[in-house]
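Encoded as structure tokens, the structure appears first; notes follow it.
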Amino acid sequence: MKKFLSLLAAGCLALSLVACGGGSKGYQIGIPGDATNGARALLLLEAQGIITLKEGAGLKATERDIQDNPFNVSIVAMEAAALPSGLPDLDFAVINGNYASGAGIVDSVLVSEDPESVAAQTYGNILAVKEGRENDPAIQVLASVLMSQEVQDYIKENYNGVVMPMGAKEIDAPALSESVTLKVGASPSPHAEILEFATPLLAEKGVILEIQEFDDYVMPNTAVEDGSLDANYFQHQPYLDDFNAEQGTHIVSVVIPHYEPMGIYGGKTKDLSVFKK
């Protein structure tokens, strides 16, 4: 609790008076502290009429872009992964779908990003490989299975809207003359779960899948770069673009099987109708 309170204090001190709503009167809403997900969270709050952002802020929005704060809400920026555990101390939190899934709170989402929103379309989660391997036959088989109707239906039916399929897409993958083993790195939920569902479907096509789970966002990419992994499945394209630029890696997207909409979750307050008054 002390750690959370210190994060809360630090978050409010870092924000403008407008963003923190003057302090104690407004509802406290947790959002991810990183720039990318923080912007998505602010856009979702704007879509619900809770705040208004400066015109043109878009996917680069920060708390300083809050133009109107009619409900006097306090924005609490936190580590994205810590938001589910911090939820009981907040009125609401805007949480990434993968963290909500991992925390087992998917049934308590109040509202999510519209699938047609710029954020949802921009931040789809990709199957990635080292440049030059995009057309490897076994990789193409993996891509075709992830985009198959069976896998896309599994995603739609098992995550209560916090993980959404991009839609089935037919990929003309070659038939393999002999079985091939692919090592794929993934975060535990939902990526490893989706790959586990796909494993028997891949086996029917001659691909033996070995899933390696990771709890960080660096090692799966460095392992693809050095060849110890054949592919990974955990990130969106903007993150990969930044990673390649900063690390000098050469990793590319193959397909986009799903996206993870940001959702607003209730903590101490369970109903968004408080913002309709």
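All heavy atoms count here, side chains included; hydrogens, waters and symmetry mates do not.
Between Tyr123 and Tyr259, the ring center distance fails the sub-6.0 Å criterion.
Between Leu53 atom CG and Arg64 atom CZ the span is 14.0 Å, to the nearest 0.5 Å. Atoms CG and CZ, on Leu182 and Arg133 in that order, are 7.0 Å from each other to the nearest 0.5 Å. Distance CG/Asn244 to NE2/His250: 7.5 Å, rounded to 0.5 Å.
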Worksheet entry | Test log, rule side-chain contact (heavy atoms from CB on, under 4.5 Å), inputs Thr222 and Thr249 | CA-CA 8 Å; Thr222 57; Thr249 48; 5.6 Å; no
Discussion item. Pair Ile126, Gln235 - check side-chain contact (heavy atoms from CB on, under 4.5 Å), show working.
Written reply: CA-CA 6 Å; Ile126 62 176; Gln235 64 194 320; 4.1 Å; yes
Item to complete: Carefully, step by step, assess Asn158 and Glu193 under the rule side chain to side chain donor-acceptor pair (under 3.5 Å).
Response: CA-CA 10 Å; Asn158 284 273; Glu193 296 166 349; over 6 Å; no
Discussion item. Using the rule given for side-chain contact (heavy atoms from CB on, under 4.5 Å), can you reason through Ile29 versus Phe71, listing the C-alpha separation, both sets of side-chain angles and the distance that settles it, and then say yes or no?
Written reply: CA-CA 11 Å; Ile29 303 179; Phe71 299 99; over 6 Å; no
Worksheet entry | Working for side-chain contact (heavy atoms from CB on, under 4.5 Å), residues Leu229 and Val184 | CA-CA 6 Å; Leu229 286 178; Val184 181; over 6 Å; no
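Here Asp241 pairs with Gln237 under the side-chain hydrogen bond (donor to acceptor under 3.5 Å, both in side chains) rule; sequence neighbours left out. Under the rule for a ring pair (Phe, Tyr, Trp, His ring centres under 6.0 Å), the partners of Tyr233 that lie at least two apart in sequence or sit in another chain are His191, His258. By the ring pair (Phe, Tyr, Trp, His ring centres under 6.0 Å) test, Phe197 pairs with Tyr154, sequence neighbours left out. Every residue two or more places apart in sequence or in another chain that forms a salt bridge (Lys or Arg N to Asp or Glu O under 4.0 Å) with Glu113 is listed here: Arg40. The salt bridge (Lys or Arg N to Asp or Glu O under 4.0 Å) test applied to Lys130 returns Glu225, not counting sequence neighbours. In this structure, the side-chain contact (heavy atoms from CB on, under 4.5 Å) partners of Ala93, at least two apart in sequence or on a different chain, are Leu83, Leu87, Leu90, Ile95. Considering only residues two or more places apart in sequence or on other chains, Asp65 meets the salt bridge (Lys or Arg N to Asp or Glu O under 4.0 Å) condition with none of them. Remark: Asp34 pairs with Pro32, Thr36, Asn37, Ala80 by the side-chain contact (heavy atoms from CB on, under 4.5 Å) rule, at least two apart or across chains.
Pairing each heavy atom of Pro84 with each of Ala81, the nearest pair is CD-O, 3.5 Å. The heavy-atom pair separating Pro257 from Gln152 by the smallest distance is O-NE2, 3.0 Å. Here the shortest heavy-atom pairing between Ala128 and Leu240 reads CB-CD2, 4.4 Å. Here the closest non-hydrogen pair linking Leu176 and Ala138 is CD2-N, 4.1 Å. Listed here is the closest heavy atom pair of Asn125 and Glu260: ND2-OE2, 3.4 Å. Of all the heavy atoms in Asp216 and Met219, the pair that sits closest is OD2-N, 2.8 Å.
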Can you give me every donor-acceptor pair (side chain of residues 262-271, partner residue at least two apart or in another chain, under 3.5 Å) with its distance?
| unit_1 | atom_1 | unit_2 | atom_2 | d |
| --- | --- | --- | --- | --- |
| Thr269 | OG1 | Asp91 | OD1 | 2.8 |
| Lys270 | NZ | Gly267 | O | 2.8 |
| Asp271 | OD1 | Ser273 | N | 2.8 |
| Asp271 | OD1 | Ser273 | OG | 3.1 |
| Asp271 | OD2 | Ser273 | OG | 3.2 |

Just distance, no hydrogens or angles: give the donor-acceptor pairs under 3.5 Å from side chains in residues 166-174, sequence neighbours left out.
none

Tell me which donor-acceptor pairs under 3.5 Å the side chains of residues 202-215 have, and how far apart each pair is, sequence neighbours excluded?
none

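Sorted by first and then second residue, the side chain to side chain donor-acceptor pair (under 3.5 Å) pairs with a member in residues 51-60 form an empty list; sequence neighbours excluded.
Although no hydrogens or angles enter the test, the distance criterion places a donor-acceptor pair under 3.5 Å between the side chain of Asp226 and the main chain of Ser228. Proximity of a side-chain donor or acceptor of Thr122 to a complementary backbone N or O of Val118 within less than 3.5 Å is detected. The backbone N or O of Ile51 lies less than 3.5 Å from no partner atom in the side chain of Asn69, so there is not a single donor-acceptor pair. Side-chain atoms of Glu46 do not come within 3.5 Å of backbone N or O of Leu44 as any donor-acceptor pair. In terms of modelled atom types and a separation under 3.5 Å, the side chain of Ser85 and the main chain of Ala82 share a donor-acceptor contact.
For the pair Tyr99/Ile105, no side-chain contact is recorded, criterion being any heavy-atom separation below 4.5 Å from C-beta on. Between Leu201 and Glu150, the closest side-chain pair of non-hydrogen atoms falls below 4.5 Å. By the 4.5 Å heavy-atom criterion applied to side chains, Ile31 and Val76 are not counted as neighbours. Counting heavy atoms from C-beta on, the side chains of Ile75 and Leu45 come closer than 4.5 Å.
Each of Ile139, Asn135, Leu146 was compared with Val254 under the side-chain contact (heavy atoms from CB on, under 4.5 Å) criterion, and only Ile139 meets it.
In this structure, Tyr239 and Phe243 have tilted ring planes: the angle between them lies in the 30° to 60° band.
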